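Taking it in order: structure first as structure tokens, then the write-up.
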Amino acid sequence: MKKFLKTLSANDVGSTGAHMGGILIPKGDDELLAFLPHLDPNEYNPDEWILCVTPDGREFRLRYVYYNNRFHKPNGTRNEYRITHLTKYLKSEGAKEGDIFEISKEDGATRYLMNVVPATKDEEESADNGPVRIKISAGWRRVH
DNA sequence: AGCCATGCACCG
DNA sequence: CGGTGCATGGCT
């Protein structure tokens, strides 16, 4: 099973007043890009819907988008991935800036599992005996 | 590269 | 009419 963690930013949880309701995916990481559905860079703003279940069994459909107008519009500047439609879930969990968002999936499975764990716990511990955490980009970790 | 912000459309 | 998401621009 592959599993990725992201520390939520203020903008991610909506506490900045932003109303774009979603989180940012680092681009340029092959493991993460392979883990998520494939989005064709040759398409303009391609998106894919992924099915996520929470630990308590609720299901959410999330939109995984690649904003790439940099390559498709004359003066486009966007080149980033995002996952939206998360506001409902994050609010229901009372997620705040600094908390950890987890997303995992069994190899070959179709459904993803997601979870948010409060900031205080997971961070400090696990120096060298817990699971291996590899920093792959700002805010993101991959767990083996 | 990543996070912050927003005008407008849509929908209840 | 208020909330949410889309697509995009801006700032660090």
Side-chain angles (χ1 to χ4, degrees), chain A residues 1-105 109-128 130-144:
Chain A
M1 163 197 277
K2 284 197 173 61
K3 181 175 186 175
F4 296 86
L5 311 181
K6 184 198 193 302
T7 60
L8 265 12
S9 72
N11 189 277
D12 291 335
V13 296
S15 66
T16 58
H19 45 261
M20 40 81 57
I23 71 179
L24 180 137
I25 304 295
K27 61 175 158 54
D29 183 88
D30 295 338
E31 297 269 356
L32 183 53
L33 265 41
F35 169 77
L36 292 164
H38 175 254
L39 293 179
D40 189 354
N42 297 315
E43 274 182 53
Y44 169 60
N45 288 358
D47 67 329
E48 201 73 40
W49 290 89
I50 63 180
L51 181 59
C52 283
V53 292
T54 63
D56 53 327
R58 285 176 294 161
E59 291 191 351
F60 290 84
R61 287 205 166 269
L62 306 181
R63 183 172 181 249
Y64 170 50
V65 213
Y66 180 31
Y67 285 114
N68 62 354
N69 71 7
R70 159 80 177 76
F71 308 109
H72 297 273
K73 292 284 195 183
N75 289 316
T77 166
R78 257 346 81 176
N79 180 23
E80 63 193 36
Y81 296 85
R82 290 218 186 118
I83 288 182
T84 59
H85 281 253
L86 266 171
T87 36
K88 278 255 167 47
Y89 176 60
L90 292 179
K91 284 228 157 63
S92 75
E93 295 302 307
K96 44 191 185 313
E97 176 179 5
D99 287 353
I100 311 297
F101 176 79
E102 305 184 349
I103 181 163
S104 58
K105 182 174 74 64
T110 57
R111 290 213 273 289
Y112 294 82
L113 175 67
M114 66 175 173
N115 187 26
V116 292
V117 349
T120 40
K121 307 189 174 183
D122 211 61
E123 278 307 68
E124 341 290 316
E125 46 179 290
S126 80
D128 41 12
V132 180
R133 284 172 166 73
I134 300 176
K135 180 174 184 176
I136 60 178
S137 173
W140 280 85
R141 314 284 188 287
R142 172 161 44 95
V143 177
H144 283 178

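Owing to the predicted nature of the structure, the values given are computational and were not obtained by experimental measurement. Every chain is numbered from 1 and lettered A, B, ... according to where its sequence line falls, protein lines coming before strand lines.
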Please name the pair of heavy atoms, one in A:Pro55 and one in A:Tyr89, separated by the smallest distance, quoted to 0.1 Å. CD-OH, 4.2 Å

Roughly how many Å is it from CG in A:Leu90 to P in C:dG3, rounded to a whole number? 18 Å

So, does A:Thr77 get its side chain near the phosphate of C:dT8, meaning an N or O under 4.0 Å from OP1 or OP2? no

Listed nucleotide nearest any side-chain atom of A:Asn69, set C:dG5, B:dC4, C:dT8: C:dT8

When you check the phosphate oxygens OP1 and OP2 of B:dA1, does a side-chain N or O of A:Lys27 lie under 4.0 Å from one of them? yes

In this structure, how many angstroms lie between the P atom of B:dC4 and the CE atom of A:Met20, rounded? 10 Å

As a test of reading the structure: which of B:dT6, C:dT8, B:dC3 is closest to the side chain of A:Glu80, going by heavy atoms? B:dC3

I'd like to know if A:Arg82 reaches the base of C:dT8 with its side chain, counting only an N/O donor and acceptor under 3.5 Å. yes

Rounded to the nearest 0.5 angstrom, the CG-CD1 distance for A:Leu36 and A:Ile83 is 5.5 Å

In whole angstroms, the gap separating P of B:dC4 from CD1 of A:Ile23 amounts to 13 Å

For A:Asn11 and C:dA7, give me the distance from atom CG to atom P, rounded to whole Å. 17 Å

Round to a whole Å and report the spacing from OH of A:Tyr67 to C1' of B:dA1. 18 Å

Can a donor-acceptor pair under 3.5 Å be found between the side-chain atoms of A:His19 and the base atoms of C:dG2? no

Does C:dT8 have its OP1 or OP2 closer than 4.0 Å to a side-chain nitrogen or oxygen of A:Tyr44? yes

Per side-chain hydrogen bond (donor to acceptor under 3.5 Å, both in side chains), A:Asp12 is matched among A:Arg82, A:Lys96, A:Lys6 by A:Lys6

For atom CG of A:Leu62 and atom C1' of C:dG5, their distance in whole Å: 13 Å

Under a 4.5 Å cut-off applied to non-hydrogen side-chain atoms, are A:Leu32 and A:Tyr81 in contact? no

OP1 or OP2 of C:dA7 under 4.0 Å from side-chain N/O of A:Asn68: no

Pick the nucleotide of DNA chain B nearest each of A:Leu24 and A:Ala18; which residue has the one closer to the 5' end? A:Leu24

What is the separation between atom CZ on A:Arg78 and atom P on C:dT8, rounded to the nearest whole Å? 9 Å

Is A:Arg63 near enough to C:dA7 that one of its side-chain N or O atoms lies under 4.0 angstrom from OP1 or OP2? yes

Rounded to the nearest 0.5 angstrom, the CE-CG distance for A:Met20 and A:Asn11 is 5.5 Å

Would you say a side-chain N or O of A:Lys6 is under 4.0 Å from OP1 or OP2 of B:dC3? yes

How many Å lie between CG on A:Asp47 and C1' on C:dC6, as a whole number? 11 Å

